[in-house]
Amino acid sequence: MIYIVGLGPGEASQITPKALEAIAASDVVAGYTVYIDLIRHLLCDQQILSTAMTQEVDRCKAAAVAARDGKVVTMVSSGDAGIYGMASLMIEVCHELKIDTDIEVIAGITAASSAAAVLGAPLTHDFAVISLSNLLTPWETIEKRLSFAAQAEFVIVLYNPSSKKRKDFLQKACDIVMEHIAGDTMCGYVKNIGRVGEESTILTLAQLRDASVDMFTTVVIGNSTTKVVGDKLVTPRGYRSIL
Ligand code: SAH
């Protein structure tokens with residue numbers, strides 16, 4: 001049996017009871033070291049298969065082999081395991097290795113919803129989610145998605161907005177979006193959601209272009225209806241007629 005589990009943004013209270021049940025029922029827990037550390041206090045005698053960030057395929061193979069050998073295995077990702085997480089790779093690896101095991105994906109709270117909750121309610125209407133990481137997607141494709149999402153008036157959530165090697169990606173992304181929407185569009189970002197150093201900022205798109213964000217930041221770019229209400233970022237759902 002393999003459970004593919006999302007751990008939420010980073011604090012114990014945002015892990016779902018269903019994810020906790022899977023972890024408790026497992027013989028083996030696999031995942032990137034940082035995520036294993038988030039749940040280390042929950043582990044009793046489970047074997048830990050932890051690997052560095054770049055060894056995803058090896059980690060999935062080791063988990064699949066453990067399941068073939070009769071173990072109950074939990075593969076953990078941050079947020080939701082099916083959103084820029086390990087879920088698809090785990091399923092593909094089992095299929096390719098012809099390992100006949102039950103697989104259950106357990107949903108977690110993804111950064112888009114936890115960031116939105118910190119900021120207020122910016123995702124109450126249609127939105128698009130785009131990762132700025134060009135490790136697995138060509139940059140031209142990312143540019144195309146940004147451009148069309150802005151043209152379609154989606155609120156846009158950006159994952160992986162920056163890294164050591166990609167300092168100017170957020171700037172480039174904002175420039176593309178600003179070809180279609182105004183620089184005074186309200187936006188926000190949240191760093192370290194549910195972790196030490198959580199910090200949120202509401203600002204305009206033009207200001208966001210020059211903001212300094214890191215890889216533990218989730219960015220929300222509003223659309224023409226997004227506004228600041230009190231200290232919250234809000235995209236109206238459209239109930240104005242009943243107010
Ligand atoms: N599976 C994860 C996403 C992994 S991609 C999920 O569903 O949330 C990694 C990106 O997610 C980061 O670069 C950042 O943009 C976002 N992210 C994940 N956890 C975060 C957190 N605790 N605080 C802020 N952003 C986070």
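Whatever order the structure lists them in is the order used to number ligands and atoms, beginning at 1.
Residue contact annotation: Ser78 has a non-hydrogen atom under 4.0 Å from ligand 1. Not a single heavy atom of Gly10 lies less than 4.0 angstrom from ligand 1.
Across all their heavy atoms, Ser133 and Ile142 have their closest contact at O-CD1, 3.5 Å. In terms of heavy-atom proximity, Ser78 sits nearest to Arg195 at CB-NH2, 4.3 Å. Counting all heavy atoms, side chain and backbone alike, Leu146 lies closest to Ile156 at O-CD1, 4.2 Å. Shortest non-hydrogen contact noted between Thr201 and Leu119 is O-CD2, 3.9 Å. Closest approach of Ile202 to Leu233, counting heavy atoms only: CD1-N, 3.7 Å. In this structure, Arg59 and Met75 approach most closely via the heavy-atom pair O-CE, 3.9 Å.
Looking at Gly6, Gly8, Ala111, Ser131, it is Ala111 that brings a heavy atom closest to atom 20 (C) of ligand 1. Around atom 6 (C) of ligand 1, the closest heavy atom drawn from Thr110, Val219, Leu158 belongs to Thr110.
In this model, no donor atom of one side chain and acceptor atom of the other lie less than 3.5 Å apart for Thr124 and Thr235. For Thr110 and Tyr159, the side-chain atoms include at least one donor-acceptor pair closer than 3.5 Å.
The protein atom (non-hydrogen) at minimum distance from atom 23 (N) of ligand 1 is Ile193 N, 2.9 Å. With respect to atom 26 (C) of ligand 1, the closest heavy atom belonging to the protein is Thr218 OG1, 3.4 Å. Closest to atom 15 (O) of ligand 1, if we only count protein heavy atoms, is Thr217 O, 2.7 Å. Atom 19 (N) of ligand 1 has as its closest protein heavy atom Arg195 NH2, 4.0 Å. Regarding atom 11 (O) of ligand 1, its nearest protein heavy-atom neighbour is Tyr159 CD2, 3.3 Å. What sits closest to atom 4 (C) of ligand 1 on the protein, heavy atoms only, is Tyr84 O, 3.5 Å. The protein non-hydrogen atom at the shortest distance from atom 9 (C) of ligand 1 is Asn160 OD1, 3.5 Å.
Using a 4.0 Å cut-off between heavy atoms, Pro161 contacts ligand 1 through its side chain alone, with no backbone atom that close. The part of Val190 lying near ligand 1 is the backbone, judged by heavy-atom distances below 4.0 Å. Contacts between Phe216 and ligand 1 below 4.0 angstrom, taking non-hydrogen atoms only, involve the backbone exclusively.
Checked by distance only, ligand 1 and Gly85 stay at 3.5 Å or farther apart across all their nitrogen or oxygen atoms.
Counting non-hydrogen atoms of neighbouring residues, nucleotides and ligands closer than 6.0 angstrom, the CG atom of Asp100 reaches no more than 12 such neighbours.
The contact set between ligand 1 and Asn192, taken as ligand atoms under 4.0 Å from a residue heavy atom, comprises 23 (N), 24 (C). Of all atoms in ligand 1, listed by their number and element, those nearer than 4.0 Å to a heavy atom of Met215 are 12 (C), 13 (O), 14 (C). Atom numbering of ligand 1 starts at 1 in the shown order; those under 4.0 Å from a heavy atom of Ile83 are 1 (N), 2 (C), 3 (C), 6 (C), 7 (O).
For the pair Lys61 and Asp58, the salt-bridge criterion is not met [side-chain N within less than 4.0 Å of a carboxylate O].
For the atom pair Leu170 CG and Thr217 OG1, the distance stands at 9.0 Å (nearest 0.5 Å).
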